Amino acid sequence: MGPPGQISPGAGSRRLIFGTLYPAYYSYKAVKSKDIKEYVKWMMYWIIFALFTTAETFTDIFLCWFPFYYELKIAFVAWLLSPYTKGSSLLYRKFVHPTLSSKEKEIDDCLVQAKDRSYDALVHYGKRGLNVAATAAVMAASKGQGALSERLRSFSMQDLSTIRGDGAPAPSGPPPPGSGRASGKHGQPKMSRSASESAGSSGTA
């Protein structure tokens with residue numbers, strides 16, 4: 001036996017083989033052969049085994065310190081399976097069937113209500129999920145549009161004029177004031193020099 005609260009490897013494997021795999025195989029054979037007697041027998045076993053598995057979830061917490069606790073559980077499963085003791089059939093006919101028959105209507109009503117509540121909860125959380133997804137998509141789109149507008153706004157008019165003046169031709173408007181005077185000042189000596197040169201050439205001739 002392992003430490004308290006821990007299933008020993010041998011006990012776990014034996015319970016898996018005798019409590020689950022062995023009944024599952026013979027349930028398959030009952031379904032294959034369509035033997036109603038065997039089918040009812042194994043259905044009663046699975047009902048008892050389901051209740052036993054549910055109960056041991058709590059007993060493992062409070063009774064794990066009990067000596068030979070896991071060995072007793074294996075012995076109980078063997079008692080359920082034995083064709084001589086017919087433990088599963090005995091428990092089903094004496095306790096489970098009468099209890100379920102007397103409480104069947106209440107159990108059915110509880111299951112229907114639980115089914116309706118679960119469906120309503122599923123629809124509610126589905127709508128909330130869709131709303132959250134739609135809000136996230138709208139926020140992502142607005143953030144992307146805001147980033148694009150900020151990027152476009154970051155270009156100043158000076159940047160745009162610089163970009164426009166890099167490869168653009170010079171403006172063809174009238175020259176600025178004062179440019180004619182400057183050209184006149186520089187152009188007058190050139191004319192006098194050409195006139196004196198023409199006069200000198202005519203005198204030598």
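For clarity, every value in this text was computed on a predicted model and none was experimentally measured.
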Query - Pro23 side chain reached by Phe49 side chain, heavy atoms, under 4.5 Å - result: no

Query raised in the report: Same cluster or not: are Tyr25 and Ile48 linked, directly or through other Ile, Leu, Val, Met, Phe, Trp or Tyr residues, by side-chain heavy atoms under 4.5 angstrom apart?
Result: yes

Requested in this report: Verify the neighbour count for atom CZ of Phe76: are there more than 12 heavy atoms of other residues, nucleotides or ligands below 6.0 Å?
Outcome: yes

Query - Rounded distance [0.5 Å steps], CG in Leu111 versus CD in Glu104 - result: 10.5 Å

Query raised in the report: With the 4.5 Å side-chain cut-off for hydrophobic clustering, are Tyr70 and Trp65 part of the same group?
Result: yes

Query raised in the report: Same hydrophobic cluster for Met43 and Tyr92, using side-chain heavy-atom links shorter than 4.5 Å among ILVMFWY?
Result: no

Query - CA sep, side-chain torsions, deciding dist, call: Lys115, Asp108, salt bridge (Lys or Arg N to Asp or Glu O under 4.0 Å) - result: CA-CA 10 Å; Lys115 183 180 178 181; Asp108 289 340; over 6 Å; no

Query raised in the report: How many angstroms lie between atom CG of Leu91 and atom OG1 of Thr85, to the nearest 0.5 angstrom?
Result: 9.5 Å

Report summary line: NZ (Lys41) and OG (Ser27) are apart, to the nearest 0.5 Å, by 9.5 Å

**Report entry** Main-chain N/O of Trp79 paired with Ser82 side-chain donor or acceptor, under 3.5 Å
**Finding:** no

Report task. Is it possible for you to say whether Tyr28 and Ile36 belong to one hydrophobic cluster, with membership spreading through side-chain heavy-atom contacts below 4.5 Å? Result -> yes

Report task. Dump the intermediate steps for salt bridge (Lys or Arg N to Asp or Glu O under 4.0 Å) on Lys29 and Glu38, then the final yes or no. Result -> CA-CA 9 Å; Lys29 291 180 74 69; Glu38 286 293 313; over 6 Å; no

Query raised in the report: Between atom OG1 of Thr53 and atom CH2 of Trp46, what is the distance when rounded to the nearest 0.5 Å?
Result: 8.5 Å

Query raised in the report: What about Ile107 and Val96, same hydrophobic cluster or not, with Ile/Leu/Val/Met/Phe/Trp/Tyr joined at side-chain heavy-atom distances under 4.5 Å?
Result: yes

Query - Derivation of the side chain to side chain contact (heavy atoms under 4.5 Å, CB included) call for Phe58 and Leu63 - result: CA-CA 9 Å; Phe58 303 97; Leu63 298 178; over 6 Å; no

Query raised in the report: Taking C-beta and beyond as the side chain, do Phe52 and Val77 meet within less than 4.5 Å on heavy atoms?
Result: yes

Report task. Indicate yes or no: at least one non-hydrogen side-chain atom of Lys73 is less than 4.5 angstrom from one of Asp60. Result -> yes

Query raised in the report: Does Leu100 reach the side chain of Phe95, with side-chain heavy atoms less than 4.5 Å apart?
Result: no

Report task. Step by step, work out the side chain to side chain donor-acceptor pair (under 3.5 Å) result for Thr59 and Tyr69. Result -> CA-CA 10 Å; Thr59 58; Tyr69 169 69; 2.7 Å; yes

Query raised in the report: Ignoring hydrogens and geometry, is there a side-chain-to-backbone donor-acceptor pair from Ser102 to Thr99 under 3.5 Å?
Result: yes

Requested in this report: Decide yes or no for Ser89 and Tyr45: does some side-chain heavy atom of the first lie under 4.5 Å from some side-chain heavy atom of the second?
Outcome: no

Requested in this report: Would you please indicate yes or no on a ring centroid separation below 6.0 angstrom for Tyr26 and Tyr22?
Outcome: yes

Query raised in the report: Between Tyr39 and Ala30, which heavy-atom pair has the shortest distance, and what is it?
Result: N-CB, 3.9 Å

Query raised in the report: Taking side chain as C-beta onward, heavy atoms only, is Met44 less than 4.5 Å from Arg93?
Result: yes

